[in-house]
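Order of the sequence lines fixes the chain letters, A, B, ..., with proteins taken first and strands second; residue numbering starts at 1 for each chain.
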Amino acid sequence: MIKIEDLHKSYVMGSNSLHVLKGIDFNVKEGELVSIMGSSGSGKSTLLNILGMLDEADEGSYVLDGVPIKNLNEKVAAQYRNKFLGFIFQSFNLINYKNAVDNVAMPLYYQGIKRKERMDKAMHYLEKVGLAQWATHLPSELSGGQKQRVAIARALASDPKVLLADEPTGALDTKTSYEVMELIQGINDEGKTILVVTHEPDIAEMTKRIVNLKDGRIIDDTVVKQVIAKSYV
Amino acid sequence: MFNKERWAEIIEALNANRFRTILTAFGVFWGILILVLLLAMTTGLRNGVTSDFGDFATNSLFMWGQGTSKPYKGLPKGRRVQFKLEDVAVLKEKLPELKYVSPRNQLGGYQGANNVTRNEKTGAFSVSGDYPEFIKQQPMDIMAGRFISYSDINEKRKAAVIGKDVVKALYDYGEDPIGTYIKINGVNFMVVGTFKSTNSNGDNEEDANTIFIPFTTFGQAFNRADNVGWMAITAHDNYSITNLKPQIIDIMKTQRSIHPDDRRAIGNFDRAEAFGRINGLFDILTLVGYVVGALILLSGVIGISNIMLIVVKERTKEIGVRRALGATPWNIRLQILQESMVLTMISGMLGIAAASGGIWLMNFFLGPSGSVENFANPSVHVSVAFVALIILIVSGLLAGLIPATRATQMKPIDALRIE
Ligand SMILES: Nc1ncnc2c1ncn2[C@@H]1O[C@H](COP(=O)(O)OP(=O)(O)OP(=O)(O)O)[C@@H](O)[C@H]1O
Ligand SMILES: [Mg+2]
């Protein structure tokens with residue numbers, strides 16, 4: 001599903017250049033649930049953003065579901081993001097003046113889907129995350145966990161190939177974190193490929209494979225026995 | 001492009017900071033208000049001034065004889081030039097471009113002595129000897145009966161067509177003047193028609209104070225023979241009376257044995273030229289109105305542009321999120337453009353509405369007769385609404401252009417990183 005080879009990324013600030021990713025080789029197969037760990041500043045988010053086509057690598061190759069991702073113009077990148085990827089952010093990033101169901105429907109809007117169908121689909125995914133009765137509530141009326149569920153429903157709405165989550169539980173308490181992980185595991189069980197960036201070992205253990213990043217290199221990549229989140233909830 | 005969803009979204013976005021939105025909108029509201037009011041006032045002035053011209057056919061020339069300034073063919077200098085009826089026929093024959101050549105004679109008139117009586121009632125009116133065509137040059141509403149006819153002319157009938165004010169002065173209320181007799185300078189005339197002026201603006205009292213009688217009857221009854229006091233000449237629509245003027249005057253010089261270089265012998269008033277001059281003046285005023293209004297509007301537009309820049313900055317993160325979800329740069333640009341367009345259009349429409357209200361009030365207080373000198377019926381043509389609309393659309397686009405470009409300049413990842 002994801003194939004990257006010798007990926008490099010530097011941030012240039014004035015005359016300084018910070019080499020953040022120093023040759024990443026990394027493959028993810030369909031249906032995997034991978035966590036990316038590493039200390040702060042190790043380049044986890046940078047990697048995920050490149051995978052998410054929000055940023056571009058300086059060197060190396062990236063193939064997503066057989067499509068080479070290289071020198072895309074913004075329009076094509078936007079279309080690929082819409083079609084292939086779902087994003088889950090640490091700070092939820094819901095649009096605060098739109099209610100839950102409208103937030104979920106956003107990716108469908110950019111697909112040009114008609115309103116009626118869009119709303120039906122959005123409601124379907126809200127139901128999936130257990131928030132159907134909150135459909136007309138604004139984000140400000142939801143708890144952190146609920147917001148993240150709405151965000152997950154939004155990420156799922158366009159039925160992407162891969163979900164990318166950057167510290168999805170970073171702003172949540174332990175119990176809520178586990179609930180969110182339970183949801184993510186459920187989605188993975190249905191066959192969706194998911195990458196989760198985290199620095200919490202207990203969250204990482206709830207995935208099926210842990211990739212460890214240090215100073216822009218993968219130092220460890222192990223398949224683990226998945227801890228079922230439900231048992232903690 | 002503007003589906004229901006987009007509308008809701010635009011309204012949401014504008015509502016998010018309502019007070020600021022209203023303040024911003026006021027700039028454009030004010031600009032377009034001033035623009036439309038300026039144009040309406042210009043029209044008011046134009047109406048006021050041109051109504052003094054009456055509604056006599058524009059493409060016309062009035063011409064009369066004066067004293068010669070050069071001796072010619074044994075005739076002395078200082079001789080009074082007298083037009084004759086035969087000159088009319090010659091003019092018509094030699095210049096087929098002319099639509100009407102009306103010889104006229106007049107007596108009495110404004111503040112003259114009493115010259116018309118009926119039973120015990122008397123009045124001072126302007127009495128005019130005319131041909132039937134005259135009503136085509138000087139439109140008037142026939143209220144009852146008819147205007148002078150060719151049989152009146154040919155048979156030199158003592159027929160009279162009298163103005164509304166003449167009726168008022170000589171008849172009791174409700175009395176039917178048609179068929180009755182009035183005495184003009186002691187000669188009996190039968191009233192065959194009554195009229196009022198077509199337009200009640202300005203100084204048309206004089207028209208309503210006039211009595212028309214057949215030109216031939218006038219000549220006979222008041223001893224003018226076939227003398228012509230002056231001529232009212234109108235050219236066909238596709239010819240300019242101003243261009244024909246030299247030929248007309250040359251023909252008259254030949255007719256009346258005037259030295260070809262004598263520039264004083266024939267007096268004229270070229271309505272088309274005078275009208276054109278005044279209209280030109282008002283065209284310039286209108287242009288000034290547009291320019292001043294547009295400049296005021298421009299500051300409103302800059303205000304909107306400014307606020308949209310702030311909106312874009314405030315919503316950097318939202319824009320980043322939208323792009324992560326699949327919004328193309330064009331989607332984002334369109335959104336910003338639409339918001340600035342809607343803001344501009346709504347405030348502009350309100351401005352136009354307010355201006356219409358203002359124009360209505362002005363008309364209401366001015367009254368139909370125009371109580372203010374040289375100012376009547378301020379209004380704007382429908383085309384102004386269209387022009388204003390186009391100006392607004394262009395303004396909205398201009399106002400949104402820079403903010404829209406700014407909105408997509410940032411990489412999505414940088415936009416997302418903003419807190
Ligand atoms: N836009 C940027 N410009 C300059 N430097 C950046 C930028 N983004 C990240 N960096 C730097 O690159 C390095 C890696 O950042 P990254 O965000 O990938 O770390 P991370 O592993 O996600 O850390 P954390 O766990 O704190 O989120 C850091 O040293 C960071 O300061
Ligand atoms: Mg990070």
Asks: Answer yes or no: does atom CD of A/Glu30 have more than 12 heavy-atom neighbours from other residues, nucleotides or ligands under 6.0 Å?
Replies: no
Asks: With heavy-atom distances below 4.5 Å as the criterion, would you say the side chains of B/Pro412 and A/Met53 are in contact?
Replies: no
Asks: Checking heavy atoms, do the side chain of B/Arg315, its backbone, both or neither come under 4.5 Å from chain A?
Replies: side chain
Asks: Below 4.5 Å from any heavy atom of chain B, which atoms of A/Phe87 appear? Answer side chain, backbone, both or neither.
Replies: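 Contact with chain B is through the side chain of A/Phe87 alone.
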Asks: Just wondering, are more than 12 heavy atoms of other shown residues or ligands nearer than 6.0 Å to CG in B/Leu285?
Replies: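 Yes, enclosed.
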Asks: With a 4.5 angstrom heavy-atom cut-off, which part of A/Asn93 approaches chain B: side chain, backbone, both or neither?
Replies: both
Asks: Within a reach of under 6.0 Å around CE of B/Met41, are more than 12 heavy atoms found that belong to other residues, nucleotides or ligands?
Replies: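 Count not over threshold, so no.
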Asks: Could you tell me whether the side chain of B/Arg322 reaches within less than 4.5 Å of the side chain of A/Ile95, counting heavy atoms only?
Replies: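 Side chain of A/Ile95 against side chain of B/Arg322, heavy atoms only: contact under 4.5 Å found.
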Asks: Counting only N and O atoms by type, is there a donor-acceptor contact under 3.5 Å from the side chain of B/Arg323 to the main-chain atoms of A/Ala78?
Replies: no
Asks: Would one find more than 12 heavy atoms of other residues, nucleotides or ligands at under 6.0 Å from atom CZ of B/Arg406?
Replies: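 Open: at most 12 neighbouring heavy atoms sit under 6.0 Å from CZ of B/Arg406.
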Asks: With a 4.0 Å cut-off on N to O distance, would you call B/Lys411 and A/Glu74 a salt bridge?
Replies: no
Asks: Check the surroundings of atom NZ in A/Lys70: do more than 12 heavy atoms from other residues, nucleotides or ligands lie under 6.0 Å from it?
Replies: yes
Asks: Using 0.5 Å steps for rounding, measure from the OG atom of A/Ser45 to the CG atom of B/Leu416.
Replies: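 Atom-to-atom, A/Ser45:OG and B/Leu416:CG are 11.5 Å apart.
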Asks: Check whether any side-chain N or O of A/Asn82 sits under 3.5 Å from a backbone N or O of B/Leu325 as a donor-acceptor pair, and report yes or no.
Replies: yes
Asks: Ignoring hydrogens, what is the shortest heavy-atom contact between A/Tyr110 and B/Gly326? Give both atom names and the distance.
Replies: CB-O, 3.7 Å
Asks: Specify which of A/Lys83, A/Gln79, A/Lys98 makes the most heavy-atom pairs with chain B at under 4.5 Å.
Replies: A/Lys98
Asks: Counting heavy-atom pairs closer than 4.5 Å to chain B, which one of A/Gln111, A/Glu56, A/Arg115 comes out on top?
Replies: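 Highest number of heavy-atom pairs under 4.5 Å: A/Arg115.
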Asks: Tell me which pairs pass side-chain hydrogen bond (donor to acceptor under 3.5 Å, both in side chains) where either residue lies in residues 325-337 of chain B, with sequence neighbours left out.
Replies: B/Thr328-B/Asn331, B/Arg333-B/Thr408
Asks: By a 4.5 Å heavy-atom criterion (distance strictly below it), what part of A/Tyr80 contacts chain B: side chain, backbone, both, or neither?
Replies: neither
Asks: Where does A/Ser158 contact chain B at under 4.5 Å (heavy atoms): side chain, backbone, both or neither?
Replies: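 Contact with chain B is absent: no heavy atom of A/Ser158 under 4.5 Å.
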Asks: Please check if the number of heavy atoms outside A/Lys3 that lie under 6.0 Å from its NZ is greater than 12.
Replies: no
